[in-house]
Each structure stands twice: as structure tokens, then as C-alpha cells.
Colleague: 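Here it is, the structure in full.
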Amino acid sequence: MDSAIDKKINILGKTLPELEELFLNLNQKPYRAKQALKWIHQRGISNFDQMTDFSKELRSLLNDSFYIKAPSISYEKLSDDGTKKWVLDVGEHDSIEMVLIPEGNRATLCVSSQVGCAINCSFCATGKQGFSRNLTASEIIGQVWLAANSFGIPRIGNDKNITNIVMMGMGEPLHNFNPVVSAMDIMLNENAYGLSKRKVTLSTSGLVPEINKLSKVSDVSLTISLHAPNDELRNILVPVNKKYPIQELLSSVKDYVEGCNDKRVTTFEYILIDRVNDTLELAKELADLLSQIKCKINLIPFNEFDESDYLQPSGNRVRKFKDYLVKRGYVTTIRSTRGDDIMAACGQLVGQVNDKTRRKERIQKAKIAAQSI
Ligand code: SAH
Ligand code: SF4
């Protein structure tokens, strides 16, 4: 990168207030920021010369000050069931993955927030690869920008749309707080993607202080990766539980939902791992535990991968677990495994995991990052 571009600012990840300030610094009216946001996110433009309602002088000023850059696509894979996975290059041999799950004209996009993850859940391929770095807001919203350009931006007159975004790709989103909040702000902004706060979901392993902090700045939907109904088991599956045990987590989730001021229901994710957390005793314990909170339960049969000895339970075991929860009055779904033929299913996203030389370094970084959680 030459020094001229070094001084330029990538405005892909700038929120409306941030853009307004940047435009003001260039002695431009703030409404220009709204126009720019529409060009970038609703029309998918990365070249200021295409912004035809800006004067030639303004376009040249923008060219001198800013640039618009998403991660570059290394390759794409299309699953037999229509699920599409992109591997994106974010520099320095780091790569991330994002997944688009279409259903007719609608689609859910699964977005990454970090390269790797420091939480190191015992069942997760992303966790096993260690942690490299946080993504910038431009790299997070850049995934939406790329996918929207390929599938359809939620804009007027489009018959194909990204209708839901889930922060469930690689990484722990609350461990990368500010860039994730900025990117979600752009997802919701009516001049950008205009999604409703119910259609943008943040999934977390349960960082309690950050959930509390999030409730002050956002009211997107929250999904909690619970995976166990007691601390003893959850400490093993989701190690961050040792720091923020279940009751503390549930109380912060209740506060979050109350702050949303609508009839919001929290989703609890529960991976079913054969003989580890899928017994009927644990289903009962789970039902008892969650009776204190209005919620849905999403069961995810464990997706197997090479580096893990855990196994996926039989369909019969999964059904029994589900039936018990339904009998206890819980809305319970089993997440269908989409895209597993291209390693795009939950927990199979690994980005640059095969780069053995950097693996040790990433695991070391994960240990350091985990100490700060
Ligand atoms: N770090 C956040 C978001 C990313 S993980 C979190 O943990 O919530 C996204 C989802 O995939 C989580 O629900 C996680 O528990 C699940 N997941 C991880 N590994 C999996 C695996 N091997 N099989 C099935 N689901 C998995
Ligand atoms: Fe990180 Fe989520 Fe994987 Fe746990 S499940 S290691 S928090 S990405």
C-alpha cells in the first residue's frame, strides 16, 4: 500500500454520524453523507466517479480523501442445497468465511467478526484454530456488502433480498465490541441495508459485561450459546462460563430483553453432542433452568470435524431431547444442517486453519486474548 492510500480513509465501515463528521471536515453538508451511504450500501458502488449526483469537484475531493474497500474474495463454494460459502482474504495470510443461506427470494447471511476466536469452546472448529485478530468495521460490513452485491441488496424493486443477518460466523462478536456495533448500525440504517432490529441477530458465548454494555447502545436480537444447563458441564464446553456463570448470564440477558421494550424472545442455542449433553436428565435440567425467562430453544446437532472426537447424536436421540422440551412447553427447533458438504455449517468455519506455520502463533494469541476476557 503506498503512502497516498495510507492517508485515505476506508469509509465502507463508517456509520452515518461518522460519515457526517468526515463530510463536515471536508466542508461539505451532512446530507451528502446520507447520499454517500445510499450509493455505497444500496447501490453497491465502490467508485466515487459513479456517484452522479455529486459534482465533479466533490467526487475528486472524495477520491483524494477516501476509498471504499471490502475484503477480497479468495474463492466461493456452492453447496448442493444452495448454501454459498465465501472465503475472504483479509491480508497477512488471514482469511475469514461468510455463508449465505437462501430460501427462495429470501436469504440469511452468516457474518464473521474475528479471525479465529479466543473463547476456545471444546466443540468448535473456529475456536480450535486460535485467534489472530479482530476484524475492522469495514471488514465486517464488507461481508454484507459483498453478499448483497452478489445476491440482492434489501432495496426497493429487488426481488431477491438478504432478509436476515446473523453474527454467527467466525469469532465472538462481543469480544470485538465497537466494530461489531458500528457494522450492525449500518445493517439497520435506512440509508444502508434498512434491516429491522429483529432480523439482525448477535450470537454470543455469554460475555456478561459486554451484554450489559450492548443493551445501552443497541437492541438487536440476542442469541445465547448455552449448550449446557449447569455450570459444571458448561465450564468444559464453553470455558468463558468459569468467568461468567449461568445465573449471572441469565440475569444479564433478562435485563437486555427488558431494555428492548417489546415482546422480545431470546433464543438459546444448544449443540447436541452424543452422550456429552444430550441425555433426557439434562433436557429436564434445561427446561427447569429456562423456566425463568421467555425464550425459544434452538437445538444444533453437533457438526463433526477432524480435530474433534465429539460425535453427532443419532436422529432418535435428537428427537427425544426435542420432544421432551416441547412437552415442557418450549418452542424448540432443530437447526437443519445446511452447507455441510462445503464445510459451511455451524462450527465448521475455519478460514485459514490449514496454515500450520501460523497455527502456533494463533493459539498463543488466543491465550493472551482470553486473559483479557
Ligand atoms: N461466538 C459466537 C458466535 C459464533 S459461533 C457464539 O459462540 O455464539 C456460531 C454458532 O455455531 C454457535 O451457536 C456455536 O455454538 C455453533 N457451533 C460451533 N461449533 C459447532 C459445531 N461443531 N457444530 C454445531 N454448531 C457449532
Ligand atoms: Fe468462539 Fe463461538 Fe466457536 Fe465458542 S462457539 S469458540 S465463542 S466462535
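Each ligand, and each atom within it, is numbered from 1 in the order the structure gives. All values derive from a computational prediction rather than experimental measurement.
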Colleague: Closest non-hydrogen protein atom to atom 3 (Fe) of ligand 2, residue and atom name please, with distance?
Modeller: Cys124 SG, 2.4 Å
Colleague: Flag the pair Phe48 / Tyr67 as yes when their ring centroid distance falls below 6.0 Å, and as no otherwise.
Modeller: no
Colleague: Just by modelled atom types, is the Leu214 backbone N or O under 3.5 Å from a matching donor or acceptor in the Ser218 side chain?
Modeller: no
Colleague: Tell me whether Lys284 at atom NZ has more than 12 heavy atoms from other residues, nucleotides or ligands lying less than 6.0 Å away.
Modeller: no
Colleague: Is it the case that one hydrophobic cluster holds both Ile73 and Val90, taking links as side-chain heavy atoms less than 4.5 Å apart, direct or via other members?
Modeller: yes
Colleague: Going by heavy-atom distance to atom 2 (C) of ligand 1, choose the closest among Cys121, Ser225, Ser308, Ser203.
Modeller: Ser203
Colleague: Suppose I only count heavy atoms of Ser205 and a 4.0 Å limit; which atoms of ligand 2 are within that range?
Modeller: 7 (S)
Colleague: Closest by any non-hydrogen atom to atom 14 (C) of ligand 1: pick that one out of Glu269, Met168, His227, Glu304.
Modeller: His227
Colleague: Check for me whether the distance between the ring centres of His227 and Phe268 falls short of 6.0 Å.
Modeller: no
Colleague: Within the 4.5 Å heavy-atom criterion, are Glu21 and Lys14 side-chain neighbours or not?
Modeller: no
Colleague: Take Cys260 and Tyr256 through the test side chain to side chain contact (heavy atoms under 4.5 Å, CB included) and record every step on the way to the result.
Modeller: CA-CA 7 Å; Cys260 287; Tyr256 184 89; 3.7 Å; yes
Colleague: Run the numbers for me: atoms of ligand 1, each under 4.0 Å from some heavy atom of Gly169, listed by number.
Modeller: 4 (C)
Colleague: Side chain, backbone, both or neither: which applies to Ile224 and ligand 1 if a contact is any heavy-atom pair less than 4.0 Å apart?
Modeller: neither
Colleague: For atom 1 (Fe) of ligand 2, what is the closest protein heavy atom, and at what distance to 0.1 Å?
Modeller: Cys117 SG, 2.3 Å
Colleague: Is Gly171 near ligand 1, meaning one of its heavy atoms is under 4.0 Å from it?
Modeller: yes
Colleague: Which of the numbered atoms in ligand 2 are under 4.0 angstrom from any heavy atom belonging to Gly127?
Modeller: 6 (S)
Colleague: Could you check whether Lys296 makes a cation-pi contact with Tyr330, meaning its NZ or CZ is under 6.0 Å from the centre of the six-membered ring and within 45° of the ring axis?
Modeller: no
Colleague: Answer side chain, backbone, both or neither: which part of Asn120 comes under 4.0 Å from ligand 2, heavy atoms only.
Modeller: backbone
Colleague: Give the residue, atom name and distance (to 0.1 Å) of the protein heavy atom nearest atom 6 (S) of ligand 2.
Modeller: Cys121 N, 3.4 Å
Colleague: Over 60° means perpendicular and under 30° means parallel, so tell me whether His41 and Tyr193 are parallel, tilted or perpendicular.
Modeller: perpendicular
Colleague: Identify, for atom 2 (Fe) of ligand 2, the protein heavy atom at the shortest distance, and state residue, atom and that distance.
Modeller: Gly171 O, 4.5 Å
Colleague: Considering Leu202, Ile271, Thr126, which one's heavy-atom position lies nearest to atom 17 (N) of ligand 1?
Modeller: Ile271
